[in-house]
Amino acid sequence: MRVFNFSAGPSTLPLEVLKRIQAEFLDVDGSGMNPLEMSHRGKPYEKIHSQAQALLRELMGIPDDYYVLFLQGGATLQFEAIPLNLLGVNNKADYVNSGHWAKRSYDEAKKYGDVVEIASTEADKWTSIPDFADKIRPDAKYVHITTNGTIAGNCYNTFPECRVPIVADMSSEILSRKVDVSKFALIYAGAQKNMSGAGLTVVIVKKEWVDNNYVLPICPTIMKWKTHADKDSLFNTPPTFTIYVLLRVLEWIKEQGGIEAIEKINREKARRLYDYIDSSKMYRNNVKKQDRSIMNVIFRTCHEELDAEFVKEASAANIIAVKGHKSVGGLRASIYNAMTLESVDYLIEFMKKFEQEHGSKCACCNK
Ligand SMILES: *Cc1c(COP(=O)(O)O)cnc(C)c1O
């Protein structure tokens with residue numbers, strides 16, 4: 001039996017996609033093979049590779065002057081690849097601290113140059129997105145932001161005009177809403193949250209940023225974007241299966257009506273969940289309303305033991321992975337593209353039932 005999987009990543013995939021993969025597992029597209037078995041230099045795989053790139057370009061509206069790279073090492077590898085590829089000429093970069101991953105990216109980048117944290121909401125436990133546009137140094141090479149906070153449950157709902165190019169970690173929200181790619185010099189995302197499985201990292205980067213060679217001399221060959229751009233992401237063996245799954249997920253998004261249609265459903269899912277949390281006496285979410293994520297919805301009761309009981313009873317109701325990240329505790333429901341509206345309703349029904357059963361025991365639950 002399938003579970004209601006609210007994991008932050010790797011996370012649930014569309015059932016239609018899983019069924020299609022199952023049906024064609026032994027023979028994908030007349031090749032007589034599974035992508036796990038395909039040479040990355042052969043025709044059947046090359047077709048998957050180029051179709052996935054083309055469909056990603058189409059759905060996201062990626063302009064021609066951007067490369068779409070299929071890399072490995074996760075978003076975490078890009079935390080270092082970004083400064084290594086960009087700080088060779090001008091070694092100044094500015095970082096915005098809006099959460100755990102934003103901070104991690106800054107911690108890596110600061111080893112490589114004059115890298116400054118220009119704004120932070122860490123003191124407020126990242127319950128809002130910092131204002132940063134005025135704080136950017138005019139001579140910084142780029143400003144780095146994490147557009148959706150997977151752990152803090154926050155999100156940039158608008159992007160300010162910036163005087164330097166924006167580099168954005170979109171790992172936990174890519175493909176969830178319409179984004180104007182041309183506003184960013186670079187967008188990157190690990191695939192295991194909203195695109196495919198683990199093992200693939202997508203980097204969408206302005207060609208001039210790769211071709212102009214801003215690379216630091218110490219940058220390893222395998223981490224240079226130019227290495228991969230010159231070989232169309234076939235410099236070494238790519239994660240063939242994960243890229244094939246990406247292609248099927250992108251086809252599924254197109255069938256749903258594209259990113260705009262998906263965004264509408266995503267907003268409705270988030271609205272229902274937040275509306276319930278805000279109206280309940282037992283659950284709370286302290287993120288400023290205009291900065292709330294529509295992908296990762298965090299909430300908690302006022303007792304750790306009650307949160308633990310929630311996780312336990314949820315599991316008996318077939319709802320899994322609702323425990324908050326270990327650094328913050330509490331509860332979290334990740335509702336990426338593949339999570340259906342019906343599944344979100346099922347979670348809300350469970351939350352209501354839990355509140356009815358436990359709310360009266362909870363003296364401080366009269367918020
Ligand atoms: C999950 C996540 C990461 C880490 O991704 P890996 O692929 O495990 O390296 C980085 N940034 C954000 C915003 C994330 O959600």
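Keep in mind it's a predicted model, so treat the numbers as computed, not measured. All residue numbers refer to positions in the sequence shown, counting from 1.
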Can a donor-acceptor pair be found between the side chains of Thr147 and Glu173 at a distance below 3.5 Å?
yes
Lys/Arg-Asp/Glu bridge criterion (N-O < 4.0 Å) met for Lys92, Asp114:
yes
Proximity of Phe4 and Phe350 rings by center, below 6.0 Å:
no
Audit row: Tyr95, His144, ring pair (Phe, Tyr, Trp, His ring centres under 6.0 Å) steps and yes/no
CA-CA 5 Å; Tyr95 276 66; His144 180 283; 4.7 Å; yes
Side-chain donor or acceptor of Glu355 paired with backbone N/O of Met282 under 3.5 Å
yes
Any donor-acceptor pair under 3.5 Å from Ser196 side chain to Ala191 backbone
no
Is it true that Ser176 and Asn337 share a donor-acceptor pair across their side chains at a distance under 3.5 Å?
no
Can you find a side-chain donor-acceptor pair between Asp291 and Asn157 that sits under 3.5 Å?
no
Should the pair Lys110-Glu117 be classified as a salt bridge under the 4.0 Å nitrogen-to-oxygen rule?
no
Check whether any side-chain N or O of Thr12 sits under 3.5 Å from a backbone N or O of Phe6 as a donor-acceptor pair, and report yes or no.
no
Looking just at side-chain N and O atoms, do Asp29 and Ser31 make a donor-acceptor pair shorter than 3.5 Å?
no
Any donor-acceptor pair under 3.5 Å linking the side-chain atoms of His303 with those of Thr301?
no
Rounded to the nearest 0.5 Å, the CE atom of Met170 sits from the OH atom of Tyr188 at a distance of 10.5 Å
Using a cut-off of 6.0 Å, state whether more than 12 heavy atoms not belonging to Lys207 lie near its atom NZ.
yes
Inspect the surroundings of CD in Glu260 and state if more than 12 heavy atoms from other residues, nucleotides or ligands are less than 6.0 Å away.
no
Quick check on Lys224: does its NZ atom have over 12 non-hydrogen neighbours (other residues, nucleotides or ligands) under 6.0 Å away?
yes
Interatomic spacing from CG in Leu18 to CZ in Arg2 - rounded to 0.5 Å
5.0 Å
Against Asn296, only a single residue in Asn154, Thr150, Asn148 fulfils side-chain hydrogen bond (donor to acceptor under 3.5 Å, both in side chains); can you say which?
Asn148
Looking at Tyr276, does the NZ or CZ of Lys352 lie under 6.0 angstrom from its six-membered ring centre and within 45 degrees of the ring axis?
yes
For the CG atom of Asp94 and the CD1 atom of Ile136, what is their distance to the nearest 0.5 Å?
6.5 Å
Same cluster for Ile320 and Ile298 if Ile/Leu/Val/Met/Phe/Trp/Tyr side chains link at under 4.5 Å?
no
